[in-house]
Number of protein chains: 2
Amino acid sequence: MSVASQSVGRRERNKRAKLDRIVAAASELFAEHGVDEVTTQQIADKADIGTGTLFLYAKTKGELLLLVQNAKYAEALEQGRADAETVPGVLDAVLAIVRPIVECNRTQIDNGRTYLREMVFGDPEEPRHSAALAIVAQTEEAIAAALRRDERVTEGDAATLAHIVSAVMFLSMATSVNIALSVEEVVQDIRRQVDVLLPR
Amino acid sequence: MSVASQSVGRRERNKRAKLDRIVAAASELFAEHGVDEVTTQQIADKADIGTGTLFLYAKTKGELLLLVQNAKYAEALEQGRADAETVPGVLDAVLAIVRPIVECNRTQIDNGRTYLREMVFGDPEEPRHSAALAIVAQTEEAIAAALRRDERVTEGDAATLAHIVSAVMFLSMATSVNIALSVEEVVQDIRRQVDVLLPR
DNA sequence: CATCATAACTGATTGCAGTCAGAATCTTTT
DNA sequence: AAAAGATTCTGACTGCAATCAGTTATGATG
């Protein structure tokens, strides 16, 4: 292999290019039509690959959604982490982390809810699923950090409380009861609950 | 119509009989093989009805599971409500309500998790879905009642706290991370969280 | 009882996610 | 540079949930 041309073989480069096309195709189609209205066939066609090839890159359609959304959620988390720094109160800091995630999740409500569904009920063996759970873990870590500002919250309780906040977030975003709620209303719903949770 | 024979027409009786056969068939097959391993065709065959007929009684396979499981969950709740009466401490009373539900849910873990999935992500228009949510509401009411024994818990907070406990329960039972956990371990996981939740 | 109207039933069919046996492409070896 | 070996690709195919146009059973009416 020529050192001048490329350090990785054609195979690797082809795979990479295909994955990029798949992500781009799925991303666009999901965003425009919603995950339920898009067929895997359409994605394969748009990415210019065979039907079967798609499933070499994502074992299920759900995995494909995780693949597309994980990056966006990670970004929302980063935003929230930054926002939380600039906010004084504990409750407000927690909500500063929560808000961008809710916003991201509700950009397209069907996709957002399906993403949450895959997260909890998807195949834990799959790498994109683990990646999603890793983001959740990071989110809880960020929330725990915010909670520790309150000196009444002990070291150990912070992690548990953060996990509870995470559960509350999940259900407020996921439940069909809240389908009609706006981003702000979902955030308020979460705020109301976190408020009761915090030491008084 | 002869008053002596029956107060409801043959139609109603036939429908009732069919629904009974469907529930019996689905119940047995789900319990034995798990919801994912059973086809709607098998259920229709066992209930001795046409393929299409099944979907007149339950719009989706998920609805069929709700139909079968709702009754069992209502029973578990009743059990827990009774148990909670006989237990002194607040935390223990809450867990007395939680335990039978977890037991019921884990009788067949795949079915239990799928049931939870349908509950949160299923079609809210469907009657069996509403029925499931009604049981959840009753569960939260029972938990709220237990929480109110603690005089530090205000009237309004009780309902919110109960809702949070419900969210914690849901995720502990549903998440793939906890798949390998026994009933007792799931209950302990919930206990640990509720403990942090209660006023200290 | 015969006729009509309506509700309930049915299985052949559809649409889609996901599979798999063989073809194509890339890499290594001689 | 040819052959052998390994990996990746592909679209025809499978299996299943769900549908729907046509059929049958029930109840109402004269």
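Since we're looking at a predicted model, the values are computed, not measured. Chain identifiers are assigned alphabetically (A, B, ...) following the order of the sequence lines, protein sequences preceding nucleic acid strands; residue numbering begins at 1 within each chain.
For B:Lys18, whose side chain is taken as the heavy atoms from C-beta onward, the closest listed nucleotide among C:dC16, C:dC9, D:dA17 is C:dC9. In the set C:dA17, D:dA17, D:dG27, D:dA17 carries the atom at the smallest distance from any side-chain atom of B:Phe55. For A:Ile49, counting side-chain heavy atoms from C-beta on, the closest listed nucleotide (D:dA18, D:dT10, C:dA8) is D:dT10. For B:Tyr57, the listed nucleotide lying nearest its side chain is C:dC9; candidates were D:dA17, C:dC9, D:dA12. Each of C:dA12, C:dA17, D:dA12 was ranked by its minimum atom distance to the side chain of A:Thr51; first place goes to D:dA12. Side chain of B:Lys61, nearest nucleotide from C:dC26, D:dA18, D:dG11: D:dA18.
The aromatic rings of B:Phe121 and A:Phe170 sit perpendicular to each other, their planes meeting at more than 60°, with 30° as the lower class boundary. The aromatic rings of B:Tyr73 and B:Tyr115 lie parallel to each other, with less than 30° between the two planes, well short of the 60° mark.
Two residues, B:Thr40 and B:Glu12, neighbour DNA chain D, and the one matched to the more 5' nucleotide by heavy-atom proximity is B:Thr40. Map B:Arg11 and B:Asp48 each onto its nearest nucleotide of DNA chain C; the residue landing nearer the 5' end is B:Arg11.
A straight line from CZ of B:Arg13 to P of D:dT26 spans 10 Å, rounded to a whole angstrom. Taking atom CG on A:Asp36 and atom C1' on C:dA17, their separation rounds to 13 Å, with Å as the unit. Counting to the nearest Å, the P atom of D:dA18 and the CG atom of B:Leu65 are 12 Å from each other. Put simply, CG on A:Leu56 is 11 Å from C1' on C:dG18, counting in whole angstrom units. Distance CZ (B:Arg10) to C1' (D:dG27): 10 Å, rounded to an integer number of Å. Regarding A:Lys15, its NZ atom lies at a distance of 12 Å from the C1' atom of D:dC9, rounded to whole Å. Between B:Leu54 atom CG and C:dT10 atom P there is a gap of 11 Å when expressed in whole angstrom units. Atom CG of B:Asp123 and atom P of D:dA17 are 18 Å apart (whole Å).
With sequence neighbours excluded, no residue forms a salt bridge (charged side-chain N to carboxylate O under 4.0 Å, His left out) with A:Arg11. Taking the salt bridge (charged side-chain N to carboxylate O under 4.0 Å, His left out) definition, one finds that B:Arg106 meets it with nothing, sequence neighbours left out.
A:Asp189 places no side-chain N or O within 3.5 Å of a backbone atom of A:Glu185 that could act as its donor or acceptor partner.
Using a 4.0 Å heavy-atom criterion, one finds that A:Thr53 contacts the bases of the nucleic acid, with or without backbone contacts as well.
For B:Asn14 and C:dA8, the shortest distance from a side-chain N or O to OP1 or OP2 is not below 4.0 Å.
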